[in-house]
Amino acid sequence: MKQLLKYVLPLLFVGLVACEKDSPADDKGEPKEPFYWSKISCTINGEPWGDCFPGVFGPVPRVFGQRFTGSYIDFTGMEWCEKYDERNSYLYIKIADVSDTGTYYLNEDNKAIFYLTQGIEKEEYITQNIGTVRITRFEDRVNHTLIDGTFAFTAYNADLKQSLHITEGKFENIRLDHF
């Protein structure tokens with residue numbers, strides 16, 4: 001037991017001393033942000049869908065976003081846990097000329113696309129000018145923007161024979177990196 005304490009106590013001490021106290025600012029003097037998961041969820045034809053990626057300790061959200069200043073924003077949520085369908089799925093939303101909160105109607109410039117994939121096969125459902133995206137939070141930072149909002153739309157496959165009715169859409173804490 002003494003031998004064990006002889007090795008464990010110094011390691012514990014070094015670990016405690018080496019841990020840096022959380023500082024309110026980073027190296028550039030910017031306030032540090034608390035870490036929050038980004039999240040996208042909705043219902044598709046009445047079935048729940050949400051971004052999900054099978055992580056080591058269980059499913060985690062998987063969302064990517066970017067903002068091309070003066071041009072458009074876009075973000076993608078991925079569902080790789082195969083909860084909605086036995087295939088992987090992606091939800092992609094692109095909105096032009098966004099600089100503040102507001103309601104944006106889907107059209108040729110503003111799009112929402114839902115993909116179902118299995119292996120190299122991909123089935124694509126695209127909006128046909130039917131739907132809205134409402135941004136309720138638009139928080140501009142130095143190198144990124146944080147947004148929250150809601151969405152609803154109907155998307156059709158290439159031959160317009162099948163549709164997906166996407167309702168109750170919600171996105172939270174989406175980080176859009178500036179480019």
Side-chain angles (χ1 to χ4, degrees), residues 36-55 59-141 143-179:
Y36 300 107
W37 287 111
S38 297
K39 182 179 179 184
I40 300 176
S41 63
C42 63
T43 60
I44 301 174
N45 293 340
E47 295 291 321
W49 182 90
D51 55 342
C52 177
F53 188 81
V60 295
R62 189 67 148 206
V63 179
F64 300 98
Q66 52 198 354
R67 177 176 179 209
F68 293 89
T69 307
S71 183
Y72 66 89
I73 67 168
D74 67 1
F75 55 93
T76 303
M78 294 186 279
E79 197 277 302
W80 285 6
C81 297
E82 301 171 0
K83 291 192 281 186
Y84 167 71
D85 189 299
E86 60 277 353
R87 298 172 282 181
N88 297 324
S89 54
Y90 303 79
L91 175 64
Y92 171 78
I93 295 176
K94 175 184 173 186
I95 307 295
D97 299 323
V98 176
S99 60
D100 205 350
T101 59
T103 300
Y104 300 87
Y105 296 95
L106 299 177
N107 54 38
E108 287 190 21
D109 294 327
N110 301 333
K111 301 177 188 291
I113 304 172
F114 187 79
Y115 300 98
L116 286 167
T117 63
Q118 190 164 26
I120 59 170
E121 293 182 28
K122 180 167 48 172
E123 192 174 347
E124 185 176 87
Y125 292 81
I126 303 174
T127 54
Q128 301 292 320
N129 302 336
I130 302 170
T132 58
V133 175
R134 180 175 158 86
I135 297 177
T136 57
R137 171 181 163 215
F138 191 89
E139 191 175 314
D140 233 349
R141 304 279 179 94
N143 61 354
H144 66 277
T145 301
L146 297 172
I147 62 170
D148 295 340
T150 60
F151 60 91
F153 60 88
T154 300
Y156 296 89
N157 67 349
D159 62 9
L160 302 177
K161 290 183 180 176
Q162 294 181 331
S163 64
L164 298 176
H165 301 285
I166 297 174
T167 58
E168 301 175 35
K170 185 176 183 179
F171 52 93
E172 299 173 293
N173 208 52
I174 306 295
R175 178 186 167 123
L176 305 173
D177 291 322
H178 293 176
F179 290 98

Where [X] and [Y] come nearest, the two heavy atoms and their spacing:
X	Y	result
D97	Y104	O-CE2, 4.3 Å
Y72	A96	CB-CA, 3.8 Å
G169	C42	CA-CB, 3.6 Å
T101	I135	CB-O, 3.1 Å

| field | Residues that K122 engages under salt bridge (charged side-chain N to carboxylate O under 4.0 Å, His left out), provided they are two or more places apart | value | none

| request: For a side chain to side chain contact (heavy atoms under 4.5 Å, CB included) with R67, tell me which candidate from D140, V98, D74 qualifies. | output: D140

| task | Could you name each residue pair satisfying side chain to side chain donor-acceptor pair (under 3.5 Å) that touches residues 105-117, not counting sequence neighbours? | result | none

| Side-chain ion pair, E168 and K170, N-O less than 4.0 Å | no

| task | Over 60° means perpendicular and under 30° means parallel, so classify the ring planes of W49 and F114, tilted if in between. | result | perpendicular

Mind checking whether [X] and [Y] have side chains closer than 4.5 Å, heavy atoms only?
X	Y	answer
N143	D177	no
T145	H178	yes
T132	R134	no
L176	Q66	no

For residues 147-157, please give each side-chain donor-acceptor pair under 3.5 Å, one per line with the distance, not counting sequence neighbours.
from, atom 1, to, atom 2, distance (Å)
D148, OD1, R137, NH1, 3.3
D148, OD1, N173, N, 2.5
D148, OD2, R137, NH1, 3.3
T154, OG1, H165, ND1, 3.2
N157, OD1, L160, N, 3.2
N157, OD1, K161, N, 3.1
N157, OD1, Q162, N, 3.1
N157, ND2, D159, OD1, 3.0

| field | Interatomic distance, S89 atom OG to D51 atom CG [nearest 0.5 angstrom] | value | 10.0 Å

